[in-house]
There are 2 protein chains.
Amino acid sequence: MPADDPSTPVSSREPREPRWLSTAERAAWIRVVSVLELLPGALDSQLRRDAGLTFFEYYLLARLSEAPNRVLRMSALAHGTNSTLPRLSHVVRRLEDRGLVERLPCPGDGRATNAHLTDAGWDAVVAAAPEHVGEVRSRVFDGLEPGQVAQLTAICDAVLTTLDTEGRTKAFDGLGADGPTG
Amino acid sequence: MPADDPSTPVSSREPREPRWLSTAERAAWIRVVSVLELLPGALDSQLRRDAGLTFFEYYLLARLSEAPNRVLRMSALAHGTNSTLPRLSHVVRRLEDRGLVERLPCPGDGRATNAHLTDAGWDAVVAAAPEHVGEVRSRVFDGLEPGQVAQLTAICDAVLTTLDTEGRTKAFDGLGADGPTG
DNA sequence: CGGCAGTGGTTGTCGGTACAACTATTCGCT
DNA sequence: AGCGAATAGTTGTACCGACAACCACTGCCG
């Protein structure tokens with residue numbers, strides 16, 4: 001319990017300890033925190049309202065829709081959605097109950113499970129996509145100038161370097177899942 | 001249910017419907033989504049591990065620590081944390097159980113409640129701050145060049161324009177809460 | 001070919017958030 | 001005054017995600 005002067009707000013103390021945030025960094029951070037708090041909620045509620053899907057569910061289905069044969073191993077899907085296997089397992093079970101996805105044992109590796117996007121699942125993503133993309137546009141890109149899009153890409157790449165221990169962001173390099181090779 | 005060619009991934013179809021994302025926007029968006037997914041988790045787990053606090057709880061306490069007399073009305077606090085009153089009410093109750101915050105009826109407006117940061121609460125934020133700031137640095141700012149910090153600020157401001165229906169980001173302009181004026 | 005570490009997934013439980021009622025106080029209007 | 005509308009918070013429920021324990025299969029190594 002440091003006995004610092006209690007009349008001074010925590011976050012604006014002098015950098016006696018090295019490495020407090022600079023004024024410019026603080027200004028940026030406050031805004032980043034707001035975006036982290038508000039943007040997921042906005043995306044979630046639009047998708048919920050218009051498609052009955054979570055933001056996470058939507059991206060899961062979208063990932064599957066892009067995969068060869070619309071099939072991906074659970075671990076590859078977890079990787080591709082920046083998620084964990086336990087979380088994914090729960091979500092996929094719910095989606096399976098709704099008929100949007102089905103789980104098949106992976107031929108060639110008895111441990112693995114393949115997730116397959118059903119026709120109903122495909123229809124659901126296709127139906128949800130236009131409005132979702134519209135939301136992303138109106139919430140994010142409409143306010144940005146072209147140069148800022150590139151800046152944003154570079155900034156996120158820099159952040160993901162320390163955050164994304166694997167190369168999750170890098171496309172699914174043909175990690176096709178219908179074969180045993182995995 | 002559009003009957004689009006099922007062999008084409010949803011997200012790379014031609015812009016027959018206006019307003020699909022451009023290639024550059026898509027590149028940016030994929031990264032933004034990853035950050036939205038990974039960063040909160042990283043911040044949460046560091047704070048949980050080192051201070052027993054949620055990211056949200058930490059920011060709530062930090063906001064209170066910056067307020068005059070360390071007091072804020074619930075609605076002002078909800079506003080300042082980009083949150084809702086129901087959520088805040090639950091969180092504050094838990095923090096009150098832990099002795100970090102106390103709730104007092106607001107003199108002058110019988111409907112309102114003032115949240116007050118206790119000494120224990122102050123100590124908790126002060127103790128948690130250095131490591132949390134270190135985490136923010138290492139996760140976000142260490143990878144950025146000075147120019148990118150300003151870019152990030154501008155980009156978030158643009159996004160928050162459509163997201164932040166009120167001027168939440170703008171500092172608590174002396175919305176002091178110990179008086180009835182609110 | 002038999003044990004054993006490592007990999008791939010699933011399940012159980014708990015904490016946290018959203019959403020929808022519901023209560024209590026204040027404000028506006030006549 | 002006094003009634004209705006609006007404001008400020010709280011509570012209840014249901015769902016989602018984190019974490020830890022657990023099971024099943026594979027692959028290696030003697």
Side-chain angles (χ1 to χ4, degrees), chain A residues 36-38 40-49 52-60 72-98 101-115 175 177 180-182, chain B residues 36-49 52-60 72-98 101-115 166 175 177 180-182:
Chain A
L36 289 179
E37 190 68 45
L38 296 173
L43 297 170
D44 261 330
S45 67
Q46 179 271 319
L47 277 168
R48 258 208 179 298
R49 175 168 39 80
L53 290 172
T54 300
F55 177 64
F56 182 77
E57 292 170 337
Y58 174 86
Y59 270 95
L60 191 164
L72 241 31
R73 282 171 62 149
M74 292 292 283
S75 51
L77 191 51
H79 208 250
T81 54
N82 296 306
S83 180
T84 62
L85 232 17
R87 177 181 180 188
L88 193 67
S89 186
H90 283 136
V91 175
V92 167
R93 181 177 43 68
R94 287 173 219 141
L95 291 174
E96 193 170 25
D97 292 343
R98 296 163 61 181
V101 163
E102 57 185 351
R103 276 187 287 196
L104 308 166
C106 179
D109 189 338
R111 299 169 294 183
T113 305
N114 282 341
L175 261 179
T181 41
Chain B
L36 288 179
E37 191 67 46
L38 297 172
L39 188 50
L43 297 170
D44 261 330
S45 66
Q46 178 272 319
L47 277 168
R48 261 213 177 294
R49 174 167 39 81
L53 289 172
T54 299
F55 178 64
F56 182 76
E57 291 171 339
Y58 174 86
Y59 270 93
L60 190 164
L72 241 31
R73 282 172 60 151
M74 291 292 282
S75 51
L77 190 52
H79 209 249
T81 53
N82 295 306
S83 180
T84 61
L85 232 17
R87 176 181 182 188
L88 194 68
S89 185
H90 283 135
V91 174
V92 168
R93 179 176 43 68
R94 287 174 222 140
L95 291 174
E96 192 170 27
D97 292 343
R98 296 164 61 182
V101 162
E102 59 185 348
R103 277 187 287 196
L104 308 167
C106 178
D109 188 339
R111 299 169 296 181
T113 305
N114 283 341
E166 317 286 321
L175 262 179
T181 41

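We name chains A, B, ... by the order of the sequence lines, and we start the count at 1 in each one.
- For D:dA20, neither phosphate oxygen OP1 nor OP2 lies less than 4.0 angstrom from any side-chain nitrogen or oxygen of A:Arg87.
- At whole-Å resolution of the value, CD in A:Glu57 and P in D:dC16 are 6 Å apart.
- Salt bridge A:Arg87/B:Glu37: present, at least one basic N to carboxylate O contact under 4.0 Å.
- For the pair A:Arg48 and A:Glu57, the salt-bridge criterion is not met [side-chain N within less than 4.0 Å of a carboxylate O].
- Among D:dA8, C:dT10, C:dT7, the nucleotide with an atom closest to any side-chain atom of B:Ala112 is D:dA8.
- Contact annotation: A:Thr113 side-chain N/O to C:dG8 OP1/OP2 distance is not under 4.0 Å.
- For A:Arg103, a side-chain nitrogen or oxygen approaches OP1 or OP2 of C:dT10 to under 4.0 Å.
- Closest to the B:Pro86 side chain, of the nucleotides C:dA20, D:dA18, C:dG6, is C:dA20.
- Looking at which nucleotide of DNA chain D each of A:Phe56 and A:Arg111 is closest to, the 5′-most match is held by A:Phe56.
- Across residues 90-98 of chain B, B:His90 each have a non-hydrogen atom less than 4.0 Å from an atom of DNA chain D (numbered order).
- Of the listed nucleotides (D:dT10, C:dT10, D:dA18), D:dT10 has the atom at the smallest distance from the side chain of B:Ser89.
- Checking the phosphate oxygens (OP1, OP2) of D:dT7, no side-chain nitrogen or oxygen of B:Ser75 falls inside 4.0 Å.
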